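Below is one structure, written out as structure tokens; comments come after it.
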Number of protein chains: 2
Amino acid sequence: MPAKRPSPTVLREATRQARSFERVRQAHQREVAEDYVELIADLIDVTGEARAVDLAERLGVTNATVNAALNRLARDGLVTRQRYRSIFLTTEGRRLAEESRARHRIVRDALIKLGVDSETAEIDAEGIEHHISARTLAALREFLEGAGTP
Amino acid sequence: MPAKRPSPTVLREATRQARSFERVRQAHQREVAEDYVELIADLIDVTGEARAVDLAERLGVTNATVNAALNRLARDGLVTRQRYRSIFLTTEGRRLAEESRARHRIVRDALIKLGVDSETAEIDAEGIEHHISARTLAALREFLEGAGTP
DNA sequence: TATAAATTTTAGCTTGCACTAAATTTTGTC
DNA sequence: GACAAAATTTAGTGCAAGCTAAAATTTATA
């Protein structure tokens with residue numbers, strides 16, 4: 001029984017399907033990627049290195065889950081890794097982490113200025129930061145600058 | 001070859017696994033449910049009925065995807081449906097839809113008051129509304145009430 | 001009313017992301 | 001340096017949500 005090699009038709013179909021996945025992935029998956037690179041950047045900056053076990057602990061998931069996520073991040077060019085060694089951000093990964101951090105800070109500070117307590121602001125900012133357009137971010141920035149604490 | 005019936009050990013394991021899934025599911029899945037019931041409520045209120053084909057068109061997904069989602073919503077007690085007929089919200093589904101709508105409006109209006117143009121505000125509110133705690137929502141409500149357009 | 005068109009449902013596939021258990025490798029200690 | 005502990009990776013499983021293609025059913029029309 002031969003037929004191991006996929007037919008052209010099957011390949012074409014696979015490509016079309018992959019294309020349509022792309023759109024879908026960018027929705028929820030970008031958030032996960034941002035959370036990971038942000039956390040990795042924090043760990044590197046604070047403790048000097050990012051280890052999978054720490055990521056797992058902070059994110060409340062298992063090592064295996066983190067490992068799978070890191071494989072995807074590496075595939076997407078956001079991190080680099082050598083087997084059994086700690087994790088590094090690529091230039092693109094670092095850029096995304098910084099951007100996420102800045103976004104996070106602005107959202108959190110805006111919420112605080114609006115009267116939300118800082119713990120709640122921190123938590124909500126975590127969820128909100130991934131859904132803010134450049135325009136809204138600019139508006140929040142202006143809101144923070146204009147007429148501070150009187 | 002017997003062994004069709006799962007062993008007690010396997011069942012116990014399945015239960016534990018199911019439990020841990022619950023936590024995870026509530027993260028992203030609640031957002032999807034909220035989007036669906038909100039849209040279903042809108043369609044019912046505006047056009048008189050909610051059809052799968054309209055949901056698919058508005059959400060930019062295929063009929064098959066909508067159908068699978070509706071099965072989950074029905075399983076979770078948010079909608080009811082008869083085969084090949086249009087969709088209805090349960091009391092719980094309607095409640096969730098109203099809550100989401102209110103949340104959506106508040107976020108959108110707050111963004112507008114912060115200087116974001118209404119189209120962008122509408123889009124961003126869609127993403128943000130699922131990540132707002134009760135406290136932040138209250139703060140936004142106060143922000144909207146206090147010192148309107150001068 | 002018979003047939004065509006539209007809609008809904010089913011079947012089968014893929015990826016993401018969660019889990020447990022076990023294997024592999026590195027690190028730490030005696 | 002050998003051995004135990006810690007960490008990483010792999011293997012195998014499940015559900016959500018997306019897709020296409022095709023079957024089933026309802027609705028519209030000639």
Side-chain angles (χ1 to χ4, degrees), chain A residues 6-7 9-36 43 47 49-76 78-79 81-88, chain B residues 6-7 9-36 43 47 49-57 59-76 78-88:
Chain A
S7 71
T9 306
V10 167
L11 283 180
R12 206 165 336 106
E13 171 52 27
T15 304
R16 181 168 53 213
Q17 208 161 46
R19 183 113 1 112
S20 70
F21 276 131
E22 264 177 57
R23 243 191 334 143
V24 175
R25 270 189 228 140
Q26 268 141 12
H28 180 236
Q29 196 181 336
R30 213 202 54 240
E31 301 176 35
V32 176
E34 286 179 1
D35 283 342
Y36 268 90
L43 285 171
T47 73
E49 68 170 351
R51 295 185 313 161
V53 70
D54 297 325
L55 289 172
E57 208 257 326
R58 305 286 193 100
L59 294 171
V61 298
T62 63
N63 291 349
T65 297
V66 166
N67 197 250
L70 289 174
N71 285 337
R72 286 189 294 273
L73 293 177
R75 180 201 60 191
D76 297 344
L78 296 173
V79 307
R81 46 206 307 243
Q82 296 167 317
R83 293 175 61 83
Y84 294 97
R85 286 284 142 63
S86 60
I87 305 135
F88 299 93
Chain B
S7 71
T9 306
V10 167
L11 281 180
R12 209 168 329 110
E13 171 51 29
T15 304
R16 181 168 54 215
Q17 206 162 48
R19 183 113 0 110
S20 70
F21 275 131
E22 265 177 57
R23 244 193 330 144
V24 175
R25 268 188 229 140
Q26 266 140 14
H28 180 235
Q29 196 180 334
R30 212 201 55 242
E31 301 175 37
V32 176
E34 287 179 1
D35 283 341
Y36 268 91
L43 286 172
T47 73
E49 70 170 349
R51 297 185 312 160
V53 69
D54 296 326
L55 288 173
E57 206 257 327
L59 293 171
V61 299
T62 64
N63 290 350
T65 297
V66 165
N67 196 250
L70 289 174
N71 284 337
R72 287 190 293 272
L73 293 177
R75 179 202 61 191
D76 297 344
L78 296 173
V79 308
T80 57
R81 47 208 307 245
Q82 295 168 318
R83 292 175 60 83
Y84 294 96
R85 284 285 142 62
S86 61
I87 304 136
F88 299 92

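By convention in this document, chain letters (A, B, ...) are assigned in the order of the sequence lines, proteins followed by strands, and residues within each chain are numbered from 1. Owing to the predicted nature of the structure, the values given are computational and were not obtained by experimental measurement.
- Taking atom CD of residue B:Gln29 and atom C1' of nucleotide D:dG18, one finds them 14 Å apart after rounding to whole Å.
- Nearest heavy atoms, B:Val79 versus B:Leu70: CG2-O, 4.0 Å.
- Rounded to an integer number of Å, the gap from A:Asp76 CG to C:dG16 C1' is 11 Å.
- The distance from atom CD of B:Glu31 to atom P of D:dA17 is 10 Å, rounded to the nearest whole Å.
- Residues passing the side-chain contact (heavy atoms from CB on, under 4.5 Å) test with A:Asn67 are A:Asn71, A:Arg81, sequence neighbours excluded.
- Looking at heavy-atom distances under 4.0 Å, B:Val32 makes contact with sugar-phosphate atoms alone, never a base.
- Comparing the start and finish of the helix from C:dT1-D:dA30 to C:dC30-D:dG1, five pairs each, the helix axis swings through 10°, to the nearest 10 degrees.
- The minimum heavy-atom distance between A:Ala56 and A:Asn63, with the atom names listed, is CB-OD1, 3.5 Å.
- Rounded to whole angstrom, the span from the NE2 atom of A:His28 across to the P atom of C:dT14 amounts to 22 Å.
- With sequence neighbours excluded, the residues that form a side-chain contact (heavy atoms from CB on, under 4.5 Å) with A:Val32 are A:His28, A:Tyr36.
- Partners of A:Ala33 according to the side-chain contact (heavy atoms from CB on, under 4.5 Å) rule, which considers only residues two or more places apart in sequence or in another chain, are A:Leu73, A:Leu78.
- Here B:Thr65 does not reach the OP1 or OP2 of D:dA17: none of its side-chain N or O atoms lies under 4.0 Å away.
- With rounding to whole Å, B:Leu78 atom CG is found 13 Å from D:dA16 atom P.
- The side-chain hydrogen bond (donor to acceptor under 3.5 Å, both in side chains) search around B:Arg72 returns none, not counting sequence neighbours.
- With sequence neighbours excluded, the residues forming a salt bridge (charged side-chain N to carboxylate O under 4.0 Å, His left out) with A:Asp54 are A:Arg51, listed by chain and number.
- Every residue two or more places apart in sequence or in another chain that forms a side-chain contact (heavy atoms from CB on, under 4.5 Å) with A:Phe88 is listed here: A:Thr80, A:Ser86.
- Residues satisfying the side-chain hydrogen bond (donor to acceptor under 3.5 Å, both in side chains) criterion with A:Arg85, sequence neighbours excluded, are absent altogether.
- Whole-Å rounding puts the A:Leu55 CG to D:dT9 P distance at 11 Å.
- The CG-P distance, from B:Leu59 to D:dC19, rounds to 10 Å in whole Å.
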Where protein sits on nucleotides 6-11 of chain C, one letter per nucleotide: B base, S sugar-phosphate only, - none, heavy atoms under 4.0 Å: -SBBBB
